[in-house]
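The structure appears below as structure tokens.
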Protein chains: 2
Amino acid sequence: PYVNELSPRRWIHYVWKFAKEDTNRVTFAFKVGFAVLLVSLLILFRAPYEVFGTSIIWSILTVAIMFEYTVGATFNRGFNRALGSLLAGVFAIAVIQVAMSCGRVAEPYIIGFSIFLIGAITSFMKLWPSLVPYEYGFRVTLFTYCLIIVSGYRMGNPIRTAMDRLYSIAIGGIVAVLVNVLILPIWAGEQLHKELVACFNSVADSLEECVEKYFREGGSDDPEFSRTVMDDFPDEPAFKKCREILNSSAKLESLASSAKWEPPHGRFRHFFYPWPEYVKVGAVLRHCAYEVTALHGCLHSEIQAPHNLRCTFQPEISDATNHAAELIRTLAKDISNMKHNLHSSLLKQLHSSTERLQRSIDMHSYLLIPSTKPFNIDASFKLKECPMLGDPVQTESYHESMKKQQRKLYSWPSREVEEFEKDKTDAELIPRMRAFESTTALSLATFASLLIEFVARIDHLVDAVDVLAKMARFVEDE
Amino acid sequence: PYVNELSPRRWIHYVWKFAKEDTNRVTFAFKVGFAVLLVSLLILFRAPYEVFGTSIIWSILTVAIMFEYTVGATFNRGFNRALGSLLAGVFAIAVIQVAMSCGRVAEPYIIGFSIFLIGAITSFMKLWPSLVPYEYGFRVTLFTYCLIIVSGYRMGNPIRTAMDRLYSIAIGGIVAVLVNVLILPIWAGEQLHKELVACFNSVADSLEECVEKYFREGGSDDPEFSRTVMDDFPDEPAFKKCREILNSSAKLESLASSAKWEPPHGRFRHFFYPWPEYVKVGAVLRHCAYEVTALHGCLHSEIQAPHNLRCTFQPEISDATNHAAELIRTLAKDISNMKHNLHSSLLKQLHSSTERLQRSIDMHSYLLIPSTKPFNIDASFKLKECPMLGDPVQTESYHESMKKQQRKLYSWPSREVEEFEKDKTDAELIPRMRAFESTTALSLATFASLLIEFVARIDHLVDAVDVLAKMARFVEDE
């Protein structure tokens with residue numbers, strides 16, 4: 001039966017799928033619930049409440065604000081909060097001492113001015129590029145300072161107030177950290193490790209997808225496809241993931257900076273585990289991904305090589321692609337299993353298949369120039385007019401197929417072919433089409449040469465993974 | 001005289017430069033100071049303090065947490081805080097009513113369980129992708145709920161507590177919004193507008209830089225250059241900016257989502273100003289930037305065309321590049337001045353220069369295939385062996401220059417040529433070099449064809465800017 005888009009059943013199904021996709025999400029939710037419950041008990045029971053008084057509510061605030069998804073991020077945030085609160089406490093106590101010694105009249109002015117100053121300074125500092133990661137710490141400093149100094153002013157005994165508050169913040173922080181670490185911890189390092197492996201796999205997937213699509217005839221006929229908005233290719237799931245890699249630097253960096261705060265754990269057993277190296281491997285991989293994007297750009301470019309021409313190099317291109325994808329997947333598997341391998345045989349296979357592709361382009365290069373009619377630019381070149389390729393009938397059919405190609409032209413982002421042609425005046429159209437003819441063939445050369453460049457970059461990827469494996473002391477695999 | 005890196009004088013100089021670069025930073029800092037001072041006055045003076053009581057300190061917290069750089073972001077955060085606090089207040093009052101009606105014994109259990117439940121639910125919901133932007137709202141809901149319910153339980157009269165707290169949060173929110181809007185407001189819309197214009201300019205700059213460098217001889221000699229870490233080219237300031245564009249989607253989107261909250265202001269005078277359209281233009285521009293990255297990849301690729309070959313197409317490539325850069329800069333200027341222009345003459349110039357480039361490649365295409373020795377794959381092709389290009393002496397000199405090029409090879413990321421050659425066994429080295437010979441020439445074809453594709457994408461950019469200009473009702477410029 002037809003299920004409504006917004007029906008509760010479908011909705012529950014979505015939530016269930018979302019939770020099942022990554023059970024850590026559920027774990028995280030329950031952990032937060034448990035942590036806030038724990039600190040609430042301090043107030044719900046009479047005994048601790050009588051010891052700590054009303055400022056114990058600050059521990060609830062601390063838990064709610066400090067509890068992050070991963071252990072490292074919680075440590076990091078806790079550090080920000082602790083240092084921020086501490087600094088604020090020290091400033092506040094110092095200013096209060098000064099203000100009190102200046103007499104009852106001057107006191108509110110000094111306090112007011114100090115609040116203004118702290119507000120302005122912390123806000124300015126958090127805009128400084130290298131201090132941006134500590135933005136939260138500056139916020140904490142500001143409001144803790146204001147709270148201590150202002151409520152101290154009204155409630156008397158400001159130093160007692162400050163100490164009480166710092167104690168309860170410490171309690172909240174300790175509860176948050178203990179719950180986060182002791183109950184099913186979610187380690188940023190583990191996440192980073194998995195993320196990198198996933199990145200490798202999606203580069204391999206999208207490379208294969210892209211090349212496979214390049215040789216699929218009529219793939220461009222799909223009307224829905226050519227009309228979709230730019231940046232959104234529904235029939236290319238792997239490329240979508242690959243595009244995410246292009247923007248992954250922030251994610252990898254934040255995971256790595258969280259992971260740095262974590263103690264040795266699980267499979268990452270030694271101190272000073274090289275987390276920043278993961279970011280570097282990620283950067284080299286991103287350079288490979290740029291090449292995949294360029295290949296993908298070729299696939300969806302305005303200028304397209306005719307399908308029959310593409311097929312000439314299909315065996316070599318497919319071969320090189322498969323070897324490249326296999327090597328990348330093997331690297332991913334190695335990282336995933338923390339094994340150290342050199343893969344020289346795979347690398348050799350890849351090199352030789354790329355070589356075959358290059359040789360094939362070399363041999364068939366005359367195909368890439370439909371009408372070879374060299375022009376004398378140099379006096380030393382004494383060339384006769386080259387013979388035309390094929391007889392006139394063939395040439396016409398070639399033109400015919402070109403026209404078809406033009407019509408089928410994958411329009412990017414969402415322009416229709418008619419519109420595209422309409423834009424040009426007739427006088428412009430003709431030379432342009434002629435010019436296209438040669439450039440369409442070169443588009444295939446571009447595709448092949450981008451692929452070769454991709455393979456050249458894989459060498460660096462292998463190097464980077466090798467460095468990582470050595471630094472992280474992966475197990476040698478014979 | 002020599003100034004120490006960490007000397008206070010240099011440090012003050014840096015801070016001064018940072019502030020001068022964008023005076024909004026100073027404005028922002030002073031505004032935060034002023035806002036916290038304003039709410040502090042509510043406590044420093046006796047009269048308001050006697051009216052509102054101790055819960056007035058919540059307004060300080062609200063200001064410190066809510067005050068954001070731009071007006072839109074402050075509104076957005078304020079909305080999150082208001083809705084979060086309100087929801088928490090409603091939940092808390094409902095649960096308290098239920099708990100109180102269940103009797104003194106059951107009360108703490110019900111309260112404890114409800115805290116756990118709210119903690120788990122809000123934490124789970126904020127992981128849901130479409131709710132991630134409201135992460136802060138969920139956090140506020142959680143801690144406000146805990147604070148109200150727990151302190152209400154201990155201090156009696158929970159509904160009074162809840163109302164007091166909501167009032168003081170409202171006061172804090174109003175102060176933050178008023179200061180942010182009335183005193184030298186920093187509009188997210190204005191920032192977005194400027195950011196997009198800057199993106200256009202840096203694409204144009206880096207295109208020119210990249211092409212200029214491609215034709216500069218000996219640019220690859222710089223030893224420092226080839227040894228720098230990947231992802232870091234110190235002598236390419238414009239490309240650095242261009243690479244930032246690749247990761248700019250998050251920035252543009254967050255600015256656009258902030259700008260949506262802003263009322264009409266300054267130059268953006270009508271309601272429902274099409275801010276999302278800026279993000280779309282940004283996406284099309286990013287697709288152009290991908291092409292620049294691919295060109296840059298060509299510039300730093302393992303496989304390089306010899307310099308003398310590159311020079312053959314220099315006039316046409318430079319011409320097309322200059323026209324493309326000019327068109328992009330003109331578009332940027334139009335957006336900046338909110339003018340609407342079609343630029344058909346510039347576009348025509350660009351198209352014809354690209355056409356010339358295509359024709360030139362067409363004519364000189366024999367240069368791209370060093371040894372034209374076609375292979376009979378089809379029986380219908382009856383070709384005699386093609387004449388070799390140039391005499392043996394020339395061929396040798398070509399080989400010579402190729403060798404030199406190979407030696408100069410820009411190594412990416414930081415591999416030395418010797419190492420690169422050492423890796424290969426001698427048996428492998430020879431066929432590879434031969435194969436390279438043809439692919440190096442194709443590398444130039446790739447460069448040219450990427451440039452042509454870049455121009456093809458500019459058409460879409462012009463379209464996108466046109467749509468933006470219409471939707472934002474830019475002034476027609478005759």
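As the structure is a computational prediction, the values presented were derived from the model and not from experiment.
- Neither the backbone nor the side chain of Ala464(A) comes within less than 4.5 Å of any heavy atom in chain B.
- Across all their heavy atoms, Leu142(B) and Ala64(A) have their closest contact at CD2-CB, 4.0 Å.
- Interface residue Phe45(A): only backbone heavy atoms are found under 4.5 Å from chain B.
- Heavy-atom pairs under 4.5 Å with chain B were tallied for Cys146(A), Pro108(A), Ala250(A), Ala294(A); the largest tally goes to Cys146(A).
- Ile65(A) touches chain B through backbone and side chain together, each having a heavy atom under 4.5 Å away.
- For chain B, the nearby parts of Val15(A) are the backbone and the side chain; heavy atoms of each come within less than 4.5 Å.
- Between chain B and the residues Tyr69(A), Phe143(A), Phe116(A), the most heavy-atom pairs under 4.5 angstrom are made by Phe116(A).
- Here the CG atom belonging to Leu147(A) is positioned 8.0 Å from the CH2 atom belonging to Trp58(B), to the nearest 0.5 angstrom.
- No donor-acceptor pair under 3.5 Å is formed between the side chain of Arg25(B) and the backbone N or O of Leu127(A).
- We find the CD1-OG1 distance between Ile452(A) and Thr446(B) to be 8.5 Å, quoted to the nearest 0.5 Å.
- The distance from atom CG of Leu450(A) to atom OG of Ser449(B), rounded to the nearest 0.5 Å, is 7.5 Å.
- Among residues two or more places apart in sequence or in another chain, the ring-ring contact (aromatic ring centres under 6.0 Å, His included) test is passed with Phe18(A) by Phe124(B), Trp128(B).
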Give the intermediate values and the outcome of salt bridge (Lys or Arg N to Asp or Glu O under 4.0 Å) for residues Arg139(A) and Glu68(B).
CA-CA 11 Å; Arg139(A) 240 181 242 273; Glu68(B) 290 278 337; 3.0 Å; yes

Would you mind writing out the side-chain donor-acceptor pairs for residues 28-41 of chain A within the sub-3.5 Å range, not counting sequence neighbours?
unit_1: Lys31(A); atom_1: NZ; unit_2: Asn180(A); atom_2: O; d: 3.3
unit_1: Lys31(A); atom_1: NZ; unit_2: Asn180(A); atom_2: OD1; d: 3.4
unit_1: Lys31(A); atom_1: NZ; unit_2: Ile183(A); atom_2: O; d: 3.3
unit_1: Lys31(A); atom_1: NZ; unit_2: Leu184(A); atom_2: O; d: 3.3
unit_1: Ser40(A); atom_1: OG; unit_2: Val36(A); atom_2: O; d: 2.7

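- Put simply, of Ala448(B), Ala120(B), Ser352(B), the one with the most heavy-atom pairs under 4.5 Å next to chain A is Ala120(B).
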